[in-house]
Amino acid sequence: MKFGKRLKQQIEETLPSWRDKFLSYKRLKKLVNLISSSPPPSHRHCVEAQADFVYLLNHEIDKFNAFFMEKEEDFIIKRKELQQRLQRVIDTWGPNGARPSETNCKEDMAEIRKDIVNFHGEMVLLVNYSNINYTGLAKILKKYDKRTGGLLRLLFIQKVLKQPFFTTEVVSKLIKECESTIAQVFPVDEKEIGRREPTIRVTGEGVFRNTVAALLTMQEIRSGSSTRSQFSLPPLDLMDSEFIRTLQMNSPPIPIPIL
């Protein structure tokens, strides 16, 4: 699948409020076509188009950074809030709590589990947001250099590698902590896992379905090339398919191939 189509599909599958935060790939591609089809580089129209291309690239990077940093900060706060909620339920309704109640504990824990699953999904979507926008920048810069004879790719990629939106270590750590919490606090019966079909079955709408689509996209992006270069994304530490099954929702299922 060509990148433009993959990006369009990914935008359609992500959260509605995120859709205008992705790379303006079509606009950049149009500028590359305009520059490559213009008269000699010294021509006014060509110079203006080149300036517009560089301006738009920088604008997109600023857009990615602003969105990514805002979400990262929100995630750090939300992680702490979920931990506090979980502890309150244990301290109140748990076996050794102030007012032990198995019914109340199960109800509150089920609600917290759902919120943790959605929270985990949003963080995976943010890692995918970083991946797919970086990939788009690398591809449009490669196209620019090839079509115009320019040498922008290396310069811009070196800049991008230092940008906040490309640095996903904090979010990746939060994802792992979230997975650890789910595994420890909400364990799944091994017999139940064994009875399930070898597919991920998820709801038709919502964060979890978008998360699975994002994981598949990240895997597809990396499998597109058998060689690594300075422009390649780092290896992806995908969730184990058994773990994904533990996040399964109890509603009408749609089968999606496991990773």
Side-chain angles (χ1 to χ4, degrees), residues 1-14 18-69 124-169 171-172 213-238:
M1 183 188 298
K2 289 191 175 182
F3 180 78
K5 290 184 178 179
R6 180 187 290 136
L7 177 61
K8 182 173 182 285
Q9 178 181 327
Q10 190 62 52
I11 292 173
E12 291 172 350
E13 291 175 342
T14 196
W18 292 33
R19 289 174 184 165
D20 62 344
K21 311 301 183 187
F22 285 80
L23 180 69
S24 301
Y25 189 75
K26 275 190 175 180
R27 289 178 62 193
L28 288 164
K29 190 175 177 181
K30 285 181 179 179
L31 285 171
V32 171
N33 291 336
L34 178 61
I35 295 167
S36 62
S37 62
S38 294
S42 59
H43 193 277
R44 180 174 61 86
H45 292 302
C46 184
V47 172
E48 289 177 354
Q50 287 175 331
D52 288 344
F53 181 78
V54 173
Y55 174 83
L56 183 54
L57 279 176
N58 285 314
H59 174 76
E60 294 295 278
I61 290 172
D62 290 342
K63 177 177 74 177
F64 302 155
N65 285 336
F67 178 72
F68 188 92
M69 289 189 292
V124 172
L125 290 178
L126 190 64
V127 173
N128 179 60
Y129 173 85
S130 169
N131 284 189
I132 201 163
N133 284 306
Y134 168 79
T135 301
L137 287 172
K139 286 185 176 295
I140 201 65
L141 285 164
K142 181 180 180 180
K143 188 181 293 289
Y144 176 91
D145 283 5
K146 182 178 179 180
R147 297 279 296 275
T148 69
L151 297 172
L152 278 181
R153 188 186 186 198
L154 181 58
L155 177 67
F156 264 89
I157 292 300
Q158 288 175 336
K159 175 182 177 180
V160 167
L161 295 180
K162 300 175 183 177
Q163 299 303 308
F165 89 89
F166 184 77
T167 309
T168 61
E169 283 83 358
V171 177
S172 296
L215 286 165
L216 293 170
T217 296
M218 286 190 279
Q219 187 181 51
E220 184 181 352
I221 287 173
R222 285 166 173 78
S223 64
S225 174
S226 59
T227 58
R228 287 190 54 78
S229 72
Q230 64 197 101
F231 305 112
S232 300
L233 283 164
L236 180 63
D237 183 15
L238 286 171

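By convention here, the first residue in the shown sequence is residue 1.
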Which value, rounded to the nearest 0.5 Å, describes the distance between Glu13 atom CD and Trp18 atom CH2? 14.0 Å
Closest non-hydrogen contact found for Ser37 with Asn33 is OG-O, 2.8 Å
Answer with yes or no after comparing the ring centroid distance for Phe165 and Phe64 against a 6.0 Å cut-off, counting only values under it. yes
Heavy-atom distance under 4.5 Å between the side chains of Phe68 and Val171, does that happen here? yes
Determine the minimum heavy-atom distance between Ala49 and Leu34, stating which atoms define it. CB-CD2, 3.8 Å
Has Lys63 got more than 12 heavy atoms of other residues, nucleotides or ligands less than 6.0 Å from its NZ? yes
Would you say the side-chain atoms of Arg19 pair up with the backbone N or O of Glu12, donor to acceptor, closer than 3.5 Å? yes
Where is the tightest heavy-atom contact between Thr14 and Phe22, given as atom of each residue plus distance? CG2-CE1, 3.7 Å
What distance do Leu125 atom CG and Gln10 atom CD have between them, rounded to the nearest 0.5 Å? 8.0 Å
Enter the distance from Thr135:OG1 to Asn128:CG here, rounded to the nearest 0.5 Å. 9.0 Å
Donor-acceptor check, side chain of Ser130 to backbone of Leu126, threshold 3.5 angstrom: yes or no? no
Considering all heavy atoms of both residues, which atom of Ser172 and which atom of Val127 are nearest to each other, and what is their separation? OG-CG2, 4.4 Å
Taking atom NZ of Lys142 as the centre, report whether more than 12 heavy atoms of other residues, nucleotides or ligands fall under 6.0 Å from it. no
Under 6.0 Å from the CZ atom of Arg27, do we count more than 12 heavy atoms belonging to anything else shown? no
Could you tell me the separation between the CG atom of Leu28 and the NE2 atom of His59, rounded to the nearest 0.5 Å? 10.5 Å
NZ (Lys139) and CD1 (Ile132) are apart, to the nearest 0.5 Å, by 10.5 Å
Centroid-centroid under 6.0 Å between Tyr25 and Phe3 rings: yes
Any idea which heavy atoms bring Ser36 and Arg147 closest together, and the distance? OG-NH2, 3.1 Å
Look at the side chain of Asn133 and the backbone N and O of Tyr129, then say whether any donor-acceptor pair between them is shorter than 3.5 Å. yes
Test your reading of the model: is there a side-chain donor-acceptor pair from Gln50 to the backbone of Ile35, 3.5 Å cut-off? no
Which distance, rounded to the nearest 0.5 Å, do you find between the CG of Leu7 and the CD of Gln9? 10.0 Å
Min side-chain heavy-atom separation Leu141-Phe53 under 4.5 Å: yes
Between Phe166 and Tyr134, how do the two ring planes meet: parallel, tilted or perpendicular, split at 30° and 60°? tilted
